[in-house]
K.L.:
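Before we start, here is the structure in question, set down as structure tokens.
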Amino acid sequence: MRVDELDAQEASDEQLLAIHRIEAACLPELVPGEPSRPAGEAIAYYRHPPATAARHHWVAGDAGVASVYIDSPSAVFLDLLVAPEHRRRGVGSALLETVCTFARARGLQTLIGQHATPGGAAFAARFGGVDGQRNVRGLLGLRSAELAAPEPPAGWRLETWLGRVPDEYVESYARAREALGDAPTEAGVRYAAPSVERVRAMEESLRRRDRELRVTAALDDRDEVGAFTDLRVSRGSTLGFTDDTGTVAAHRGIGLATAVKLESLRRLRADRPEVTVVTTTNAEENAAMRHVNARLGFVAAATLTSTVVSL
């Protein structure tokens, strides 16, 4: 089985479309009901990762693809997909062995992937994958959702920033993102620390992908960010993607997360009537955020189980 590394920044559109076709073929069994992202959006995603992280791809013809995203040495994430008609022929094994060789040569110690089907679970176990955190993928039908006007607590106001966090708020926003460190993660995983540099790198990556960043934040009377939600949508796409939502520990339990999410979703619906579905993913044990999402109308569509392969 031939496996080739693919430089997404130098690859042709047709080579990247081959990855997209495999991705689209696998999505219905991974997250039933979630629309596949458009081809142009997928090409831009592969081609323009943030400058503060690294992404690598390998392809086995039109049969399978493996992608590794390195956020930090202890946060190395693997996506491995094999087209349904090419399974049980050694494609997945060849891809994973190639990725493991690459990771060991760079001194990486673990790979973190996810599975959502019995076949995926069996494949991970065969290569020593140890299952851990379960993540619930939720979908919201945006057009029919009942989204009440947000009511932030006294002393708080809501603002939405499109494309770029204003300079006067970006340091506070970067600090607020540290709240994500409290969210459940796999044991031993340490993400790179939030910073203004990482915020700006993420914004630039999205700009190059023609993908709109929509950050809604709750600010107090000192202009400090107490909570935020980060929603993304590509031009012309029917799918909105919730990247992160967080509340600073000192301000939890007063309704800020609900307020920012309501404001974000209402504004998205008004600004982008073509968007029909919004996604979100939360650790199964993150009861507080899952409760917020359920109240907003998100419905669980799939459970993705993280699995860790030690190298």
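Quick caveat: nothing in here was measured; it's all calculated off a predicted structure. Sequential numbering from 1 along the given sequence is applied to the chain's residues.
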K.L.:
Hey, could you give me the CZ/CG distance between R266 and L158, rounded to the nearest 0.5 Å?
P.N.:
11.0 Å
K.L.:
Taking the side chain as everything from C-beta on, heavy atoms only, tell me whether E284 gets closer than 4.5 Å to R290.
P.N.:
yes
K.L.:
Treating T307 as the side-chain partner and G113 as the backbone partner, does any N or O pair qualify as donor plus acceptor under 3.5 Å?
P.N.:
no
K.L.:
T305 and H115: side-chain donor and acceptor closer than 3.5 Å?
P.N.:
no
K.L.:
So, the side chain of E97 versus the backbone of A94: is there a donor-acceptor pair under 3.5 Å, distance only?
P.N.:
no
K.L.:
Can you find a pair of side-chain heavy atoms, one from L256 and one from P153, that are under 4.5 Å apart?
P.N.:
yes
K.L.:
Determine, for R87 against E85, whether the closest basic-nitrogen to carboxylate-oxygen distance falls under 4.0 angstrom.
P.N.:
no
K.L.:
For V196 and V165: C-alpha separation, side-chain torsions, deciding distance, then whether side-chain contact (heavy atoms from CB on, under 4.5 Å) applies.
P.N.:
CA-CA 10 Å; V196 172; V165 178; over 6 Å; no
K.L.:
Have N282 and N135 got a donor and an acceptor in their side chains that come within less than 3.5 Å?
P.N.:
no
K.L.:
Are there over 12 heavy-atom neighbours, none belonging to E29, within less than 6.0 Å of that residue's CD?
P.N.:
yes
K.L.:
Is any side-chain N of the basic residue among R222 and E224 closer than 4.0 Å to the acidic one's carboxylate O?
P.N.:
no
K.L.:
How are the rings of F77 and Y69 set to each other: parallel, tilted or perpendicular (split at 30° and 60°)?
P.N.:
tilted
K.L.:
Is T242 close to V278 at the side-chain level, that is, under 4.5 Å between some pair of heavy atoms?
P.N.:
yes
K.L.:
Might you point out which heavy atoms bring A302 and V31 nearest each other, and give the distance in Å?
P.N.:
CB-CA, 4.0 Å
K.L.:
Hey, is R37 close enough to E23 for a salt bridge, meaning N to O under 4.0 Å?
P.N.:
yes
K.L.:
Would you indicate whether E168, at its atom CD, is surrounded by more than 12 heavy atoms from other residues, nucleotides or ligands within a distance under 6.0 Å?
P.N.:
yes
K.L.:
Under 4.5 Å between any side-chain heavy atoms of W58 and D4, yes or no?
P.N.:
no
K.L.:
How about R211 and S234: does a side-chain donor come under 3.5 Å of a side-chain acceptor?
P.N.:
yes
K.L.:
Charged N to carboxylate O below 4.0 Å: is that the case for R214 and D230?
P.N.:
no
K.L.:
Between S306 and Q114, what is the shortest heavy-atom contact and its length?
P.N.:
OG-NE2, 3.9 Å
K.L.:
If you round to the nearest 0.5 Å, how far is CD1 of I43 from CD1 of I19?
P.N.:
9.5 Å
K.L.:
List the atom of G226, the atom of H251, and the distance in Å for their closest heavy-atom pair.
P.N.:
CA-CD2, 4.0 Å
K.L.:
So, the side chain of D71 versus the backbone of A75: is there a donor-acceptor pair under 3.5 Å, distance only?
P.N.:
no
K.L.:
Considering only heavy atoms from C-beta outward, does the side chain of R269 approach that of V275 to under 4.5 Å?
P.N.:
no
K.L.:
Using a 3.5 Å distance criterion without hydrogens, assess whether the side chain of T52 forms a donor-acceptor pair with backbone atoms of A201.
P.N.:
no
K.L.:
Within a radius of less than 6.0 Å around CD of E178, do more than 12 heavy atoms belonging to other residues, nucleotides or ligands occur?
P.N.:
yes
K.L.:
In terms of hydrophobic clusters joined by side-chain contacts under 4.5 Å, are V260 and V199 together?
P.N.:
no
K.L.:
With L81 as reference, evaluate L27, V91, I22 under the side-chain contact (heavy atoms from CB on, under 4.5 Å) test and give the passing residue.
P.N.:
I22
K.L.:
Taking the six-membered ring of Y45, is NZ or CZ of R55 closer than 6.0 Å to its centre and within 45° of its axis?
P.N.:
yes
K.L.:
Looking at F228, is K261 sitting on its ring face, NZ or CZ under 6.0 Å from the six-membered ring centre and within 45 degrees of the normal?
P.N.:
no
K.L.:
Below 4.5 Å, heavy atoms only, C-beta onward: do W156 and I254 meet side chain to side chain?
P.N.:
yes
K.L.:
In terms of side-chain geometry, is the basic nitrogen of R235 or E212 positioned less than 4.0 Å from the acidic oxygen of its partner?
P.N.:
no
K.L.:
Checking side-chain contact (heavy atoms from CB on, under 4.5 Å) for the pair R137/E34: CA distance, chi angles, key distance, verdict?
P.N.:
CA-CA 10 Å; R137 185 76 156 185; E34 180 171 324; 3.0 Å; yes
K.L.:
Determine, for E14 against R21, whether the closest basic-nitrogen to carboxylate-oxygen distance falls under 4.0 angstrom.
P.N.:
yes
K.L.:
At their closest point, which heavy atom of R47 faces which heavy atom of A11, and how far apart are they?
P.N.:
NH1-O, 2.8 Å
K.L.:
Let me see the working for T110 and S74 under side-chain contact (heavy atoms from CB on, under 4.5 Å), right down to the final yes or no.
P.N.:
CA-CA 7 Å; T110 57; S74 65; 5.9 Å; no
K.L.:
Once rounded to the nearest 0.5 Å, what's the spacing between atom CD of Q9 and atom CG of L16?
P.N.:
10.5 Å
K.L.:
Salt-bridged, R134 to E285, with N to O below 4.0 Å?
P.N.:
no
K.L.:
Distance check, rounded to the nearest 0.5 Å: L231 atom CG versus E263 atom CD?
P.N.:
12.5 Å
K.L.:
Flag the pair L296 / L265 as yes when at least one side-chain heavy-atom distance between them is below 4.5 Å, and no otherwise.
P.N.:
yes
K.L.:
Working to the nearest 0.5 Å, report the span between CG of L96 and CG of L80.
P.N.:
6.0 Å
K.L.:
Check the hydrophobic clustering (I, L, V, M, F, W, Y; side-chain heavy atoms under 4.5 Å; chains of links allowed) and say if V82 and V68 are grouped together.
P.N.:
yes
K.L.:
Can a side-chain donor-acceptor contact be found between T229 and T216 if the only test is distance below 3.5 angstrom?
P.N.:
no
K.L.:
Could you go step by step and tell me if Y169 and L219 meet the side-chain contact (heavy atoms from CB on, under 4.5 Å) rule?
P.N.:
CA-CA 9 Å; Y169 301 122; L219 295 103; 3.6 Å; yes
K.L.:
Could you check whether any side-chain heavy atom of F123 comes within less than 4.5 Å of a side-chain heavy atom of S93, counting everything from C-beta outward?
P.N.:
yes
K.L.:
Check whether more than 12 heavy atoms from other residues, nucleotides or ligands sit under 6.0 Å from atom CD of Q109, and answer yes or no.
P.N.:
no
K.L.:
Any salt bridge linking D167 with R164? Criterion: basic side-chain nitrogen under 4.0 Å from a carboxylate oxygen.
P.N.:
yes
K.L.:
So that I know where these two stand, are F102 and H56 an aromatic pair - ring centroids less than 6.0 Å apart?
P.N.:
yes
K.L.:
To the nearest 0.5 Å, tell me how far Y173 OH sits from E171 CD.
P.N.:
14.5 Å
K.L.:
Please report the shortest heavy-atom distance between S237 and L239, naming the atom on each side.
P.N.:
OG-N, 3.0 Å
K.L.:
Around R295, counting heavy atoms of other residues, nucleotides and ligands shown, do more than 12 lie under 6.0 Å from its CZ?
P.N.:
no
